[in-house]
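Chain letters run A, B, ... following the sequence lines, proteins first and then strands; every chain starts at 1.
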Amino acid sequence: MGNGDKTQMLVHIEKNLDYQSFDVRWIPNSARLVVLGSNTDATGCIEIMEMSSGKLDSLCKTKYPYAVKCGTFRASSTAARQLAFGDFHGHLQVVDLSQPEKILYSVKAHHRVLNTIDGVGGLDIGRGAPELVTGGADGRVKVWDLRQSDGPVVTIAPQEGTHQPDCWAVAAGNAHSPEERVVASGFDNGDIRLFDLRTNKVMWGANVGNGVCSLDFDRRDIMMNKLVATVLEANIHIFDLRTLDANNQFAFKSVLAHKSTVWCARHLPQNRDIWVTTGGNGSLMLWKYVYPAKRSVKDATGNLMGVPGNADCLASLTASTQPITNFDWNADFAGLGAFSAIDQILRVTIATNLPS
Amino acid sequence: MDASKLKEFRDGARAIEDYIISLNRWEKNIKEEDKKLMEICAQQRNHDLSEEFPIRSKARELLMSEGKREEVEKKDPMKSVIGGKSKINAYDYAAWDKYDADAAAEEVDKFTPNQNIKSLSSDSTPSSNLKQTRQISSTEPPASTDEAKIKALKLKDEGNELFSAGKYADAIKVYSTGLSLDSSNHILYANRAMAYIKLEDGRAAERDCNVCISLCPDYLKAYLRRGVARLLQDKLQLALEDYNKVLTVEPFNKDAKFHVSQIEQKLASVKQTSKPPSSHENKSSFEILAANRSQKPLTKVDIIELNKESQVPPFTRAMISPSTRAQDTAALTSHQRVDPAATSSNENISTSEVIRVETHPNSPIANIPTSPTTEAKAVNFSEKQFIEPDSCSRICKSEHDAQCEPMTKSSQLKCVESEPLAESFSKFTQESASPQIFVATSDSLQKSEESKLPLPSVPRTSHQFMTVWARLVSASPDLALQWLQQSMKASLLRKFELETECIGSLVQQLLRLRKAVQESSDASYVDTFVIALTESRGFDLQVLFLEETRKNDFLELLELMEASQRSLPAKLVALKQAIISP
């Protein structure tokens with residue numbers, strides 16, 4: 001590995017937006033991306049842009065009644081590529097981007113802001129029915145099937161009378177068979193819960209001390225392997241989910257990075273051991289997980305115990321002065337990513353020489 | 001920069017270049033693929049994944065409902081379509097001969113693919129820490145047949161789809177069909193209620209919610225929806241009840257909490273403004289008021305037709321109750337301007353004339369009962385008869401005509417012919433605090449009505465005294481005197497500062513009174529009054545501006561006093577002098 005093979009990350013295209021963008025998603029199987037955000041008058045805005053020869057051209061901009069917070073394609077079929085998004089009033093809506101004004105599915109998912117959304121089962125990722133998972137500021141995590149319009153198929157809520165922290169992050173994973181599905185949810189008090197949808201039970205819970213900004217499984221369609229949780233106060237936790245030890249704990253590794261809130265973690269679709277984290281200081285960091293020699297060992301009492309690995313920083317980039325709140329890798333071209341920051345600039349980034 | 005670094009930099013730059021070239025290449029390819037995909041997408045729109053993977057809750061629900069059976073039968077989609085027969089092989093021509101395409105088409109129309117259930121090996125064990133709610137209830141009513149139930153469920157789904165597509169009217173139709181099949185499916189009622197709510201038909205929604213609740217009293221959604229439906233009809237209090245009910249079960253239900261606070265704000269503002277509600281609010285306000293009103297028995301008040309000239313708005317009970325307190329308060333009429341000429345005689349009173357009387361139900365407009373608890377106010381008037389006998393009888397008569405029910409604290413009306421105001425008057429809120437009651441009276445009836453009224457209580461300010469006095473005097477001087485007698489203390493009069501007009505009429509009436517009680521012991525009582533009047537603030541000045549007639553009246557009064565007391569106080573002498581020789 002010579003110096004020429006050093007991984008680099010740099011900003012390829014920058015584009016100014018005249019609205020605040022909260023999420024950016026590549027449209028699968030295309031060179032287009034969708035920017036979801038909020039206009040100055042708190043109405044929602046979804047803009048479709050196409051990348052061509054080093055420029056981003058705006059194709060279409062649609063206005064919605066409420067500011068849009070997050071979106072995902074992951075529950076749609078590969079051909080249709082319908083975007084599911086959530087807004088600040090708690091609505092979950094699905095649109096087909098060929099006709100963005102026409103809303104195919106709409107439901108009031110949460111009482112307050114719908115903070116985070118993830119999908120599984122669509123786009124040929126994960127087996128089983130395509131489902132969306134949403135987490136809202138009302139503390140509830142809901143699983144939706146687009147064929148059912150009057151409500152979620154599963155609602156995960158804290159018990160009445162207990163503290164109801166806002167749900168800030170959800171991730172769906174473990175969809176290696178049609179019946180298996182796991183939903184991970186992170187809350188503003190630092191709780192992370194892993195909920196098994198097959199047995200309707202909480203599989204695992206932990207508290208990482210600070211509010212969890214983002215959760216990401218390394219892969220959705222395999223048996224759950226790694227979960228990266230990014231939290232406030234510059235922490236990143238990587239959990240090895242293969243071995244649940246006797247105390248119901250997963251092995252984990254914590255890393256300090258960004259010197260500020262770590263907003264977002266996204267695994268590279270082409271390599272499940274590489275992920276990027278975005279920080280509140282406008283920086284991006286590319287990480288690679290190094291597995292330990294043995295992923296599980298026997299502890300004193302003879303039970304299996306997980307062993308955490310190491311996280312190496314491959315590259316870093318300071319792209320902005322403002323926090324970078326979202327990031328999305330392009331699933332069709334390795335190293336191509338897009339993100340937006342609070343400074344209302346949309347950036348496309350490329351990462352060269354990614355290790356395989 | 002040393003060589004290695006430079007090399008690094010160059011390599012890096014090259015890598016980037018290569019990358020971007022490949023990126024551009026990729027761009028072109030992906031755009032072509034994209035176009036192809038879009039075409040496929042258009043064709044593929046009807047593809048329904050439901051045959052492969054059922055909706056999570058559906059599968060569970062059917063598992064739970066079927067209960068006894070471990071596994072659910074695997075139903076081949078085609079099977080159900082072709083009337084239960086297995087798929088006919090393509091080369092089985094004989095079978096195809098017998099195949100009825102029309103019947104099959106009909107079957108297809110009836111059943112949607114969502115019917116399919118695959119066997120699941122999942123265990124539906126209850127959750128541990130976290131509560132998990134199910135959208136669909138698993139209880140099945142015993143009444144209808146299984147088939148009908150299933151059909152009803154399907155129609156529910158159909159309705160739900162229409163609902164999510166925004167076609168609320170169609171959804172309602174479908175729900176109704178479902179209900180005709182399975183009338184005990186409370187969810188259908190709840191969903192239909194939701195559709196009605198979307199169409200802003202609060203009444204229908206509430207009806208459906210009521211049925212739903214009667215079928216399943218614990219179905220919280222029904223209460224929430226009924227709350228919304230009731231809010232649509234402005235039934236604030238009832239909606240509040242529903243939301244509170246939800247909160248008793250789910251104290252942290254934000255929807256309910258939000259609505260409760262909203263309704264409470266609205267109710268508070270309604271109370272403050274005490275505006276007459278618009279016609280469509282009537283029912284709800286009544287219900288609110290019914291809850292707020294005290295439990296005391298109500299007095300029945302005769303309501304008779306009003307003269308056409310009157311322009312007072314129609315009365316609604318709601319106007320009164322929110323701002324009046326129960327029990328002791330009686331309504332005070334206000335805004336009566338009576339023709340002095342008309343009041344001079346009581347003869348115009350007749351029962352054929354009309355009053356639109358708007359009173360607090362507890363007010364003794366027609367009923368002037370004795371109230372043992374009214375302490376200082378109770379006056380026994382048998383001694384002080386300031387009212388001419390004939391007018392008194394008339395008053396009594398009209399009072400007698402009125403039906404009255406006993407007040408809680410008071411006894412029956414004593415209507416005595418010869419003892420005109422043997423009753424005492426119950427406590428009375430101050431004018432300033434009285435509710436906005438509008439009484440339409442015809443001119444000539446003012447008097448009789450007035451006499452039915454309880455008298456105002458002790459005036460607190462000069463202004464109050466003056467206005468009350470002016471009104472009473474214009475209505476009935478006797479009444480005014482009576483009031484003076486009853487409510488005013490000489491000491492109080494001393495503190496007031498009265499205007500010339502008021503003083504003039506006071507003087508006039510006092511003179512009349514004095515003349516009437518010439519020889520009785522009450523004369524001294526009147527005298528003290530007069531003296532107190534003279535001692536009121538600014539009297540010395542005001543008296544000089546009295547009209548001639550009034551001055552003469554005053555002088556006469558003083559003379560009478562002098563006569564009875566043998567001598568006037570020095571002050572009065574001086575006053576007399578001042579008046580005589582200005």
Inset, instruction - Please check if atom NZ in B/K31 has more than 12 non-hydrogen atoms from other residues, nucleotides or ligands closer than 6.0 Å. - result: yes
Inset, instruction - Heavy-atom distances under 4.5 Å only: say whether B/L23 touches chain A with side chain, backbone, both or neither. - result: both
Legend entry - N/O donor-acceptor pair under 3.5 Å between B/E27 side chain and A/S53 backbone: yes
Legend entry - B/K28 atom NZ, over 12 foreign heavy atoms within 6.0 Å: no
Inset, instruction - Mind running salt bridge (charged side-chain N to carboxylate O under 4.0 Å, His left out) on B/D157 and A/R147 for me, showing each step along the way? - result: CA-CA 9 Å; B/D157 291 328; A/R147 294 166 287 178; over 6 Å; no
Inset, instruction - To the nearest 0.5 Å, tell me how far B/M38 CE sits from A/L97 CG. - result: 10.0 Å
Inset, instruction - Take A/R81 and B/L37 through the side-chain contact (heavy atoms from CB on, under 4.5 Å) test and state the conclusion after the steps. - result: CA-CA 10 Å; A/R81 290 170 290 176; B/L37 260 184; 3.7 Å; yes
Legend entry - Between B/R14, B/E33, B/K254, the one whose heavy-atom pairs under 4.5 Å with chain A are most numerous: B/K254
Legend entry - Closest contact, heavy atoms only, A/N29 versus B/D34: O-CB, 3.4 Å
Inset, instruction - Grab the two heavy atoms, one from B/A15 and one from A/N353, that are nearest each other, plus how far apart they are. - result: CB-ND2, 3.7 Å
Inset, instruction - Working to the nearest 0.5 Å, report the span between CG of B/N24 and CE of A/M51. - result: 7.5 Å
Inset, instruction - Please name the pair of heavy atoms, one in A/D332 and one in B/W26, separated by the smallest distance, quoted to 0.1 Å. - result: O-NE1, 3.5 Å
Inset, instruction - State the CG-NE2 distance between B/D255 and A/H111, to the nearest 0.5 angstrom. - result: 5.0 Å
Inset, instruction - Answer yes or no: are there more than 12 heavy-atom neighbours, outside B/K36 itself, under 6.0 Å from its atom NZ? - result: no
Legend entry - Which atoms of A/F333 approach chain B - backbone, side chain, both or neither, heavy atom under 4.5 Å: both
Legend entry - Contact class of A/I103 relative to chain B, heavy atoms under 4.5 angstrom: neither
Inset, instruction - Measure distances from B/N160 to the heavy atoms of chain A and classify the residue's part below 4.5 Å as side chain, backbone, both or neither. - result: both
Inset, instruction - Keeping the roles fixed (side chain from B/Y19, backbone from A/G335), state whether a donor-acceptor pair exists under 3.5 Å. - result: yes
Legend entry - Side chain / backbone / both / neither for B/D18 at chain A, heavy atoms under 4.5 Å: neither
Legend entry - A/E14, CD: over 12 other non-hydrogen atoms inside 6.0 angstrom: yes
Legend entry - Which atoms of A/D138 approach chain B - backbone, side chain, both or neither, heavy atom under 4.5 Å: both
Legend entry - Gap between atom CZ of B/F9 and atom CD of A/Q8 - 0.5 Å precision: 9.0 Å
Legend entry - Option that, when pairs with chain B are counted at under 4.5 Å, heavy atom only, ranks first among A/G205, A/S52, A/P178, A/G54: A/S52
Legend entry - Heavy-atom pair of closest approach, residues B/I16 and A/I350: CG2-CD1, 4.2 Å
Legend entry - Contact winner vs chain B - A/I27, A/L146, A/T7, A/D145, heavy-atom pairs under 4.5 Å: A/D145
Inset, instruction - Please indicate whether B/K245 has more than 12 foreign heavy atoms, meaning atoms of other residues, nucleotides or ligands, lying under 6.0 Å from its NZ. - result: no
